[in-house]
Structures are given as C-alpha cells and as structure tokens.
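Chain identifiers are assigned alphabetically (A, B, ...) following the order of the sequence lines, protein sequences preceding nucleic acid strands; residue numbering begins at 1 within each chain.
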Number of protein chains: 2
Amino acid sequence: MGRRRALEYDCAIRDVLDRIGDAWSVLVIMELSKGPCRFNALRRVIEAISQRMLSVTLRNLERDGLVSRQVLDTSPPQVEYSLTERGASLHGAISHLAHWAETHQPGIRTSRAAYDAKEPIAS
Amino acid sequence: MGRRRALEYDCAIRDVLDRIGDAWSVLVIMELSKGPCRFNALRRVIEAISQRMLSVTLRNLERDGLVSRQVLDTSPPQVEYSLTERGASLHGAISHLAHWAETHQPGIRTSRAAYDAKEPIAS
DNA sequence: CCGTATCCGTTATGATACTG
DNA sequence: CAGTATCATAACGGATACGG
C-alpha cells in the first residue's frame, strides 16, 4: 500500500510529522514566517512547487490552524496567507530542528559517502 | 512523479525531514533512545512495522550515522542496534518537536474538526 | 488572481517467500 | 535470528484544463 498512515500510533509526534514531513509545508512555513504572502507570490518564491501542491499544502496548514487565509476585497481578488500564533510557535520548533540539521549535515554527508563506498552499486 | 525529492533545495532541514519524515524512523529512534535493541525485539515493540520496512529504516539510519549496528557472536547470530552520539542528539531535537506536538495536539484536533465541519464530505 | 478537478505516471510499502 | 528478493498495489504529485 501507499505510505501514509501506516499506523495510527497515538503518538503526537506522528501528527506533526504527517503534516510537516511532506516536501512543502516546511518551506511554506519558513516563507510565511517572514510575513504575510499571497498565493502567487508564494508560488514565485518557492517556484518549484506546482499550483496543486501549494493549494493542498496551504489548505492542510489552514485546517490545522497553522495558517490563516484572508481574502482581500480588491479588484482582481487576492488572498493573503499568514502564520497564526500556533504556526509561528511551530516555526520556532522547526528552527530548532533546522539548526540541528545545519550543524550535522556535513557529518551526515560524510557518513553517507563512507557507507555508499562500502556497498557499491554492483556487487 | 513520485513524492520524494520534489526539489533538491539546498536546505539542510530537507535532508533531515527526508530521513525522519517517514512513518518509522522517528519511532525507531524513540525506541533506541531507551537503549540498544535487537532486530526482532524492535519488531515486537513497534509491532505494526513490516520486516522489510524495519530493515530499510535501520539501514538508512545507519547510513546517516544515526544508528550503529553490532553483530553479536552468539549461537543464533544476533544483531544489536543502538543510537550513535549523533542519533542521540537528533533524538534531543525531535523531543523538542514532540513536546510541541503534545502541547498543541488538542488545539490542532479542534481546528481540524471545526474546519471539517464547514466543508462536509458532500457539498 | 486564486484556486479545483481529472488524468496518469512514479514511487513507496506491505505480503510473501527464500537465504545465511 | 536477521535479513533480502520479488511482486502487486495504493498513494503521491505533476500537468493540464477549467471555474469563481
């Protein structure tokens, strides 16, 4: 079967990872932590994201109360997204992990290279 | 295309989430943080994990230098897994996120319920 | 401008069977 | 006990076209 929800496992951390473990949520949260942003503006910044995935990602974040959606009453209707207080606090927790990642990335890359060297593609 | 590596995005946090974002890595790290454990013992504890996924998960964690693998010279050969120092430090970073998750889970569930109530399955 | 709906290829993963 | 190989399948995500 697919990957998601392999186990409910009433573990709070799973709830969070199911949300931010995907490819885009973290990037969106990071971007919104700089300030409110409109849909297409986000698209331009994250550029590689498809319209569909940005839409899905934002909807999920909004559903969890991490992002708020504000429809502006302008001539071409605009929609502005921003982090809620909860989203901002999550951003803090993520930053902690991001700091760990930056600190250990060199070591991890070294480990990977060493591991791969021992197990060549062909046997 | 598939889900993984939608964007390389030279962002260290992605490297970490690509590793621990999956369903099992966090559970394995959590379990090993309690102390060394053998393969089938892990299987029993995490119970819902398939043999294949435990194998794959452990291999990836080992590749990143987060887990060490020790073959014991016993009659039926046994293999003991344990967190490396790096793995232990990641566990610390995860714990921080886990704490956030536990703190905010009730609020998130409330938000989800409210959101879903507004958008019924049938329109 | 801001999305949603559909189609469809790619990938992750469980089941099963087999090896050391 | 501790894995690996193969297969089938469900889920993910991009492209595209359309709607508000």
- Note on the structure: Rounded to whole Å, CD of B/Q51 lies from C1' of C/dT13 at a distance of 14 Å

- Query: Between A/R69 and A/V79, is any pair of side-chain heavy atoms under 4.5 Å apart?
  - Reply: yes

- Within this structure, what is the CD-to-C1' distance between B/E62 and D/dA2, rounded to whole angstrom? 13 Å

- Could you tell me whether A/R69 contacts a base, only the sugar-phosphate backbone, or nothing, with contacts defined as non-hydrogen atoms closer than 4.0 Å? sugar-phosphate

- Query: According to a strict under-4.0 Å criterion, is B/W24 in side-chain N/O contact with OP1 or OP2 of C/dG14?
  - Reply: yes

- Does A/P106 offer a backbone N or O that forms a donor-acceptor pair with the side chain of A/T110 under 3.5 Å? yes

- Answer yes or no: is there a donor N or O on one side and an acceptor on the other, between the side chain of B/R63 and the main chain of A/D116, under 3.5 Å? no

- Note on the structure: Here the distance between atom C1' of D/dT4 and atom CZ of B/F39, to the nearest Å, is 10 Å

- Query: Are the side chain of A/R14 and the backbone N or O of B/L27 linked by a donor-acceptor pair below 3.5 Å?
  - Reply: no

- Nucleotide C/dT10, atom C1' - distance to CE of A/M53 in whole Å: 14 Å

- Nearest-Å distance for atom pair CD1/P, residues A/I49 and D/dA15: 12 Å

- Rounded to whole Å, the CG-P distance (B/L54 to C/dT13) equals 13 Å

- Please give, in whole Å, the distance from D/dC12 P to A/R59 CZ? 13 Å

- Message: Rounded to whole Å, how long is the line connecting atom CZ of B/R52 with atom P of D/dT6?
- Response: 12 Å

- Using a cut-off of strictly less than 4.0 Å, decide whether A/S50 has a side-chain nitrogen or oxygen near OP1 or OP2 of D/dG13. no

- Looking at A/Y81, does any N or O in its side chain come under 4.0 Å of the phosphate oxygens OP1/OP2 on C/dC1? no

